[in-house]
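Before any comments, here is the structure.
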Amino acid sequence: MTADLPTLNEWLGRPHVAEWWGAQQSLEEVEADYAPSIANPTNHASYIALLGDEPVGFIQSYVPVAFHAEGWWLDEHDPGVRGTDQFLANAGQLGQGVGSAMLRAFVARLFADPAVSRIQTDPAPDNARAIRSYEKAGFRPAREVMTLDGPALLMYAERPIDAPA
């Protein structure tokens with residue numbers, strides 16, 4: 001919800017988030033970046049993740065082929081692939097399994113859509129904590145790639161055999 005954007009903006013400024021997500025933006029820039037994905041989540045959807053009733057993080061999904069015009073994911077041509085990015089809001093929850101649980105639940109939600117063929121993510125190659133979290137959630141490294149944000153480790157979660165297709 002757009003009412004969550006001030007919270008998201010504050011979280012993006014926290015040192016453990018800004019280290020990987022970049023310098024904090026103004027609230028207006030965050031609104032410009034994320035309000036469209038809240039209003040029309042067709043190709044990009046943003047969510048505040050909850051643990052019970054407590055907001056604990058941010059997670060988003062996107063359709064990589066929808067961002068070719070912006071220069072992203074030019075090698076991806078499958079419209080069924082979804083991408084994801086996430087972070088935990090509170091540094092004290094890092095390394096506690098919260099992020100992996102959040103990812104597993106989100107991956108299951110994405111794969112509930114039979115049109116989703118695979119899920120990708122792209123942590124920085126030196127972000128060992130994120131890579132471990134993604135691996136615990138079922139992602140496997142594919143290769144290092146260069147993105148508009150710099151080097152990344154492209155990782156995939158494949159559709160489980162028992163997931164609806």
Side-chain angles (χ1 to χ4, degrees), residues 1-2 4-5 7-8 11-12 17 20-22 30 32-52 54-89 93-94 97-125 127-165:
M1 300 182 73
T2 55
D4 295 318
L5 291 173
T7 299
L8 177 60
W11 288 352
L12 287 165
V17 176
W20 303 107
W21 283 66
V30 169
D33 284 348
Y34 294 99
S37 67
I38 295 168
N40 182 13
T42 304
N43 291 321
H44 180 206
S46 300
Y47 306 94
I48 298 293
L50 303 175
L51 181 60
E54 177 190 356
V56 295
F58 171 80
I59 197 160
Q60 65 182 355
S61 66
Y62 58 90
V63 179
V65 297
F67 293 91
H68 283 182
E70 296 174 25
W72 286 96
W73 307 115
L74 300 178
D75 292 339
E76 183 57 65
H77 302 287
D78 179 352
V81 172
R82 298 296 179 268
T84 187
D85 301 298
Q86 56 85 32
F87 65 78
L88 291 176
Q93 291 179 315
L94 298 174
V98 176
S100 297
M102 179 174 72
L103 281 164
R104 280 191 299 274
F106 195 63
V107 164
R109 178 181 173 165
L110 291 174
F111 277 134
D113 179 349
V116 175
S117 57
R118 179 171 64 186
I119 302 167
Q120 72 178 39
T121 192
D122 62 336
N127 189 343
R129 180 180 285 126
I131 293 167
R132 276 193 311 275
S133 182
Y134 282 117
E135 287 176 333
K136 287 179 184 179
F139 287 81
R140 297 292 167 248
R143 64 187 178 281
E144 283 196 26
V145 296
M146 185 57 68
T147 72
L148 298 176
D149 288 334
L153 178 62
L154 184 60
M155 302 178 75
Y156 293 115
E158 302 294 340
R159 176 177 283 286
I161 293 171
D162 59 348

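Note that the OG atom of Ser46 and the CG atom of Asp33 stand 9.5 Å from one another [nearest 0.5 Å]. Interatomic distance, CG of Asn127 versus CZ of Phe87, reported as 13.0 Å (0.5 Å rounding). Tyr156 contributes atom OH, which lies 4.0 Å from atom CZ of Arg118 (distance to the nearest 0.5 angstrom). Distance CG/Asp122 to CE/Met146: 12.0 Å, rounded to 0.5 Å. Within the model, atoms CD1 of Ile59 and CZ of Phe106 stand 5.0 Å from one another, a figure rounded to the nearest 0.5 Å.
The side chain to side chain contact (heavy atoms under 4.5 Å, CB included) search around Ala32 returns none, not counting sequence neighbours. Taking the side chain to side chain contact (heavy atoms under 4.5 Å, CB included) definition, one finds that Thr121 meets it with Thr84, Asp85, Pro123, Tyr134, Phe139, Met155, sequence neighbours left out.
Taking each heavy atom of Val56 and Leu50 in turn, the nearest pair found is CG2-C, 4.1 Å. Scanning both residues, Ile131 and Pro125, for their nearest heavy atoms gives CD1-O, 3.6 Å. Pairing each heavy atom of Leu88 with each of Gly99, the nearest pair is CD1-N, 3.6 Å. Considering every non-hydrogen atom in both Pro64 and Gly83, the closest pair reads CD-N, 3.9 Å. The two atoms that bring Glu70 and Leu148 nearest to each other are O-CD1, 3.3 Å, heavy atoms only. Listed here is the closest heavy atom pair of Pro55 and Ile48: CB-CG2, 3.8 Å.
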*Kindly indicate, with the supporting measurements, whether the criterion side chain to side chain contact (heavy atoms under 4.5 Å, CB included) is fulfilled by Gln60 and Gln86.*
CA-CA 6 Å; Gln60 65 182 355; Gln86 56 85 32; over 6 Å; no
*Going through the distances and angles, do His44 and Val63 end up as a side chain to side chain contact (heavy atoms under 4.5 Å, CB included)?*
CA-CA 7 Å; His44 180 206; Val63 179; over 6 Å; no
*Could you walk me through whether Ile119 and Glu158 pass the side chain to side chain contact (heavy atoms under 4.5 Å, CB included) check?*
CA-CA 7 Å; Ile119 302 167; Glu158 302 294 340; over 6 Å; no
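Within the 4.5 Å cutoff, the side chain of Pro151 has no heavy atoms near those of the Val145 side chain. Side chains of Val81 and Val65 form no contact here, defined as non-hydrogen atoms less than 4.5 Å apart.
Cation-pi contact between Arg159 and Phe111: absent, since separation from the ring centre below 6.0 Å together with deviation from the ring axis within 45° is not met. Cation-pi geometry between Arg109 and Tyr47 is met: under 6.0 angstrom from the ring centre, within 45 degrees of the axis.
Listed by first and then second residue, the salt bridge (Lys or Arg N to Asp or Glu O under 4.0 Å) pairs that reach into residues 129-146 come to none, sequence neighbours excluded.
In this structure, the side chain of His68 engages the main chain of Glu76 through a donor-acceptor pair within 3.5 Å. Checked by atom type and distance alone, the side chain of Asp4 never pairs as donor or acceptor with a backbone atom of Thr7 at under 3.5 Å.
Ring centroid separation for the pair Trp11 and Phe58 does not come in under the 6.0 Å cut-off.
Tyr62 and Trp73 have parallel rings, their planes meeting at less than 30° on a 0 to 90° scale where 60° marks the start of perpendicular.
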